[in-house]
Amino acid sequence: MSKERAKRRAERLAVLEREKAVRARRTVRRERRRSFLRGLKPRFGRDGRLYHRSRRQRIGIVVVTLLAIAAVWTLIPDLPLRIILTAMLVLAVPALVVVVLGRRA
């Protein structure tokens, strides 16, 4: 009788250990997935922006861009070329800002 109880207890413990291992694997997998997704999600500052520029930098970016557009419109006589260069400037300014000033979080 005691051998049967010991055998049943051993079987119960084996089943519990297997279930415990399965739960542990699920938990590890869930945590790994959460940390991976947390790494993919962009981190925003308190004001909701990804990258922060000082007021002076933002003003400088706007002023330089407006000066470049003004130079294009005053120095280039051909209207379609003016429009194309203005569009290129507007599209290229964000990339140039990142290259010149860099990204800082």
Side-chain angles (χ1 to χ4, degrees):
M1 187 74 158
S2 65
K3 287 183 182 182
E4 288 179 26
R5 280 192 303 228
K7 185 179 177 183
R8 282 185 275 166
R9 183 174 53 234
E11 289 172 359
R12 271 197 321 266
L13 289 175
V15 168
L16 287 175
E17 286 297 321
R18 278 195 300 262
E19 290 174 355
K20 192 175 180 182
V22 167
R23 278 195 306 269
R25 280 196 305 270
R26 278 189 195 140
T27 304
V28 167
R29 199 174 338 149
R30 185 181 320 123
E31 286 303 316
R32 199 178 309 141
R33 188 177 337 119
R34 281 182 185 167
S35 69
F36 175 73
L37 291 176
R38 217 176 296 129
L40 290 179
K41 186 177 175 184
R43 291 178 181 83
F44 294 98
R46 279 188 231 161
D47 56 354
R49 289 183 296 173
L50 270 175
Y51 300 106
H52 302 281
R53 303 260 177 244
S54 69
R55 181 182 302 268
R56 180 181 287 173
Q57 285 176 328
R58 289 192 307 258
I59 289 172
I61 292 166
V62 170
V63 168
V64 168
T65 304
L66 290 177
L67 285 175
I69 291 174
V72 165
W73 281 85
T74 57
L75 298 177
I76 307 294
D78 193 25
L79 181 65
L81 185 58
R82 285 181 189 172
I83 295 171
I84 290 171
L85 288 175
T86 302
M88 285 179 58
L89 262 170
V90 169
L91 292 174
V93 163
L96 289 173
V97 166
V98 170
V99 168
V100 172
L101 299 176
R103 284 185 168 186
R104 53 189 183 99

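The chain is numbered in sequence order, starting from 1. Below, all heavy atoms of this structure are taken into account, side chains as well, without hydrogens, waters or symmetry copies.
As a member of the Ile/Leu/Val/Met/Phe/Trp/Tyr network built from side-chain separations under 4.5 Å, Leu40 groups with Phe36, Leu37. Grouping Ile, Leu, Val, Met, Phe, Trp and Tyr by side-chain contacts under 4.5 Å, direct or through others, leaves Val28 on its own. In this structure, Leu66 belongs to a hydrophobic cluster whose other members, linked by side-chain heavy atoms under 4.5 Å apart, are Val62. Val63 belongs to a hydrophobic cluster whose other members, connected by ILVMFWY side-chain contacts under 4.5 Å either directly or through intermediates, are Ile59, Leu67.
Contact of the Leu96 side chain with the Leu101 side chain is not registered, since no non-hydrogen atoms from C-beta on lie closer than 4.5 Å.
Under the side-chain hydrogen bond (donor to acceptor under 3.5 Å, both in side chains) criterion, Thr65 pairs with no residue at all, not counting sequence neighbours. With sequence neighbours excluded, no residue forms a salt bridge (Lys or Arg N to Asp or Glu O under 4.0 Å) with Glu4. With sequence neighbours left out, the side chain to side chain contact (heavy atoms under 4.5 Å, CB included) criterion links Val100 to no other residue. Annotation: side chain to side chain contact (heavy atoms under 4.5 Å, CB included) contacts of Arg56 (sequence neighbours excluded): Ser54. Listed by chain and residue number, Glu19, Lys20 satisfy the side chain to side chain contact (heavy atoms under 4.5 Å, CB included) test with Arg23 (two or more places apart in sequence, or in another chain).
Hydrophobic clustering (side-chain heavy atoms under 4.5 Å, transitive across Ile, Leu, Val, Met, Phe, Trp, Tyr) groups Leu79 together with Ile76. Val93 and Ile69 fall into different hydrophobic clusters, defined by Ile, Leu, Val, Met, Phe, Trp and Tyr side-chain heavy atoms under 4.5 Å apart, directly or through other members.
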Would you mind writing out the side-chain donor-acceptor pairs for residues 83-91 within the sub-3.5 Å range, not counting sequence neighbours?
| unit_1 | atom_1 | unit_2 | atom_2 | d |
| --- | --- | --- | --- | --- |
| Thr86 | OG1 | Trp73 | NE1 | 2.8 |
| Thr86 | OG1 | Arg82 | O | 2.7 |

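Under the side-chain hydrogen bond (donor to acceptor under 3.5 Å, both in side chains) criterion, no residue pair touches residues 91-101, with sequence neighbours excluded. Within the structure, the side-chain hydrogen bond (donor to acceptor under 3.5 Å, both in side chains) test picks out no pair touching residues 90-101 (sequence neighbours left out).
Arg32 CZ to Arg29 CZ: the interatomic distance, rounded to the nearest 0.5 Å, is 8.5 Å. To the nearest 0.5 Å, the span separating CZ on Arg5 from CZ on Arg9 amounts to 8.0 Å.
In summary, Glu11 and Arg8 do not engage in a salt bridge, as defined by a charged side-chain N under 4.0 Å from a carboxylate O.
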